[in-house]
Structures are given as structure tokens and as C-alpha cells.
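When a ligand or atom number is given, it counts from 1 through the structure's own listing order.
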Amino acid sequence: MADMTFRNATIIDGSGDPGRPADVAITGDRISHVGEAPAGEIDVDATGLVLSPGFVDTHSHDDGAFIRYPGMEFKLAQGVTTVVSGNCGFSSAPARPGGGPPAGGALVGQADWTDLNGYFAACELRKPAINNIMLVGHNTVRALAMGNERREPTDAELTDMRSLVREAMEQGACGFSTGLIYEPGRYSKTPEVTELAKEASPFGGIYATHMRNEGDHLLDAVEETLGIGRDSGCPVHISHHKSAGRRNWGRIGESLARVDRAVANGQSVTLDIYPYTAGSGPMFQYFNLDDISIELAEAIRIAACPDHRDWEGRMLKDIAAAEGISLEDAVRGATTGPRGKETICIQFTIAEDDIVTNLRHPLVMVGSDGIPNLNGSPHPRLFGTFPRILARYVREQGVLSLEDAVHRMTQMSCDRFGIANRGLIAEGYIAGLVLFDPATVEDLATYDDPKLEPAGISKVIVSGRVAFDAGIHTGAGAGRMLRFREAG
Ligand code: CU
Ligand code: ZN
């Protein structure tokens, strides 16, 4: 007898193959039967529903969330069973105990560990709901080695950074990430990044990057990224691929053409996107206060602002009008107060057509880029990304087939990030599963009401345990800390 058996579901197994009827049984933490299955301790009649592997959020900032919100409700309710953390150059490890978060670290939080092993142990103590695999971040190691210095590293500092990256890789990080628009990473030159990526490549780790520019100089940034991949020997992953700013809309095709050319020349390149026309991040990072971009300021909505809680959820231009101040003063007001660096903004800078162009490209995966600051009014991508792909771009617009979308969100992502033994419905694989209704699955989170959990997700299984059941978070706490290419 199995522990749980799903009857009459359509199985979309993650490989991209057409859905098919089959029974699936779970025994312990594994998928024990696919096709014919014995009776289960629990028998689930899944008529009309799709059973697929749990989704992988390839681009998360959930490092700190595993500590603060181990229930991970905002991801679990979407059918996400594994996240890749440590993106955009910001990772929770390595760290200096008692030290504050690195620059821009509203994304990260306080640490009482020093390395990846210590961070994972701290997460495990809290019995998280979902799995976590981590990239080691450039901004983090740079801040540890040389603070916020606006210069190239000395040889000793570079050696420091290299050993921090190597140690994280030895402990199971899946690669090295950068956020080259952010402090302090933006003060680095290309060779520094290449040297650090070289520490990840002997392990097979990837180079994941929030590129130096995603607007007017997007193509230069793509070239820099591809060069770092070639010179370091790392497979490249471009994070949240976009062409930001109205005058740059449509240029995503040129950027993808550069990627295609590199792939044709033998380079390994993949990308991810979130399915929204707005980005989000720490606001101070986006503005030069000596030369404030009005175009950007006009596109901004405040997500979180500890110094002005009443500004949260409002467009900056409306705030400026209501307060009788200039847009420039509103930018200063949001970013220069006592807790100004914690302000998170949402910026409407992306074209809908570019999202579709990205999704049609076969190397593009899905990553929420959600910022798990549950105060204020976060970007709805934190709660809605994966159901939004299934509702809007599969069911409503037919941009992707359901099988293709599931493949990108499961097996393809697991392969890329070294998530072993997951991402496929096959005997012997770890049972991370999501049961959903393809006719009703839908994101409900909006900019005005961003914390609504999606509709149409029936059950989510993590490591063989029911973690989410018809809207209820069961508290199973079966998530695991995953090490690169290690089964477990
Ligand atoms: Cu990010
Ligand atoms: Zn980023």
C-alpha cells in the first residue's frame, strides 16, 4: 500500500511530453508508481485536474524569508516547491555574525551564521515549507571583503572574495550571481567578475546575472555577460530579461538574437522572466540623487517605505501632488530618511509585448523576483507569478502550451540549477508535486491587493507530505536545503 495515490489526473510530467492519464502513488518521500498504482493510505480523486512536478522559482530573494517566514505561504500557494535564492548578487551567506546586512540588503536580513552550511542549518531549524538552493552573491562577498568602496579590489581583497565564492561552492551553492546595477557590485569592472566566476566553474556552477544595464545599454550588458561566461567557463543565466524604458521597448528581440548567436557558437545560455510589466527593488539603488530621472520617477509606485507608511501602495507622482512637493523631492523623501535604504519601489518600465517575445523563446524560464517584504504593498509577482503564467500566457493567450510551460517551470529549471532528483514525475523521484485545475488556475494578486493567494491550486506536495490543501497551509515543514547536484 502506498501513502498517497492520485487517481484519474492528467499527468504533465515535466519533460514537455503531452499530458496523459495515469495514476501516481507516493511512498515515503518518493514517487513510487506512475501508471498503475496501488491503493493509498490517502486516495485522491483528481478527475479533471492536472498533476505536475512542483514549480521551481528560478529567481527568488527568499534567503531571509526562510528565516522570517518559514511557512513560505506566498510561494507554496502558487505550487512552488523549490526556490533558487541568492539572486542579483545578494545572498544570505557568507555573512558576518552580528553584522548588518550588506548594502542594498533590505532583501536579506540579519545573520547569525558565517557560511552556507550555517545558513542552511538555521533554515532547517525553522522547518521551512519548501526547498531552497542558493547562489553565492557578488554584492555580498564584495561587501564583506571591501565594504562599499568605489574602486577595484586590491589583490588581497580579490583573494578574499575568491575564497568566499569557492567555499560557498564547496558547500553546495549552485553558482555565482551578480547584480551589477546595485551597490557595491556596480563598482566592479568585468575582470573582477570573471575572476570570481572562475571559482564557480570547476564545480559546474552557473553564472546568473542581473546585468549592468537593462535599458539603453542592454546589448552592451549582454555582451559583457556572454564574455564573462566564455572567459570563466560558466554556463550563463540572464536574470529577469527585459528592455526597460519606453524608448527601448521591442529591443528584447535583438538581445535574444545575441543569445542565439552565442548558443550557436557552443555557449550555454538560459534566461528567466517574471510575467509583469513592472519591476521592483530597493529604490535608492535606482536613482542618482544629483541627476534624478524624471521618467523613472513618474513610473514609480511605492511598495514599502518605513519612513512614510502612508506612501505605500501609491504612485510617487500622486504622493508629490498631494504633498505639494516636486517629484525630485518625493524621490529624496522616499530614499534619504533614517530608513530610506529600506524603501522598496515598483517601477512600470516593461512592455507587455516583450514579455510575450521572451516567453516564446525556448531558453526562457520563470522566476518571480518577488521581494518577500510583507509590510506595505509588495509587487504582486511575489504571490502570483506561476499561476499567472498558466492563466494568462497558457490558457488565455496560448503563448505556450501547458506542457511547455510546466516543463520550463520544472525539469528545465532543475537541470539548469542542479536540483537533483526533482522536476519530473517518474518513479524514484522525490515527490514534489502540484495538483491544479487548468481551467481555473489564476493569479489573484494585483498591485492594489497584492497578497491574495491564487485560485485553482488544489494540493501541493513537498517531499511526499501534503503542504497545501485546498487553501490550507498544513504546516508540514517538509522543505529541504538542497546542495548542487546532490540527491536528497
Ligand atoms: Cu532579483
Ligand atoms: Zn535583479
key: Donor + acceptor pair across side chains of Y182, Y286 (<3.5 Å)   = yes
query = Would N132 and Y119 count as having a side-chain donor-acceptor pair, cut-off 3.5 Å?
reply = yes
task = Quick one: report the N, O or S atom of H59 that is nearest to the Cu ion (ligand 1).
result = NE2
request  = Give, rounded to 10 degrees, the angle between OD1 (D369) and SG (C88) as seen from the Cu ion (ligand 1).
outcome  = 160°
task = Identify the residue among E149, R142, R162, R151 that makes a side-chain contact (heavy atoms from CB on, under 4.5 Å) with E157.
result = R151
request  = Verify the ring-centre separation between H59 and Y274: is it less than 6.0 angstrom?
outcome  = no
task = Decide whether S268 and R416 meet the rule of one side-chain donor and one side-chain acceptor closer than 3.5 Å.
result = yes
query = Which protein N, O or S atoms does the Zn ion (ligand 2) have within a distance shorter than 2.8 Å?
reply = C88 SG, H210 ND1, H240 NE2
request  = For the Cu ion (ligand 1), find the closest N/O/S atom belonging to H61 and write down its atom name.
outcome  = NE2
remark   = Residues passing the ring pair (Phe, Tyr, Trp, His ring centres under 6.0 Å) test with F120, sequence neighbours excluded, are none
ask   = Do we see a donor-acceptor contact under 3.5 Å between the side chains of E312 and S377?
value = no
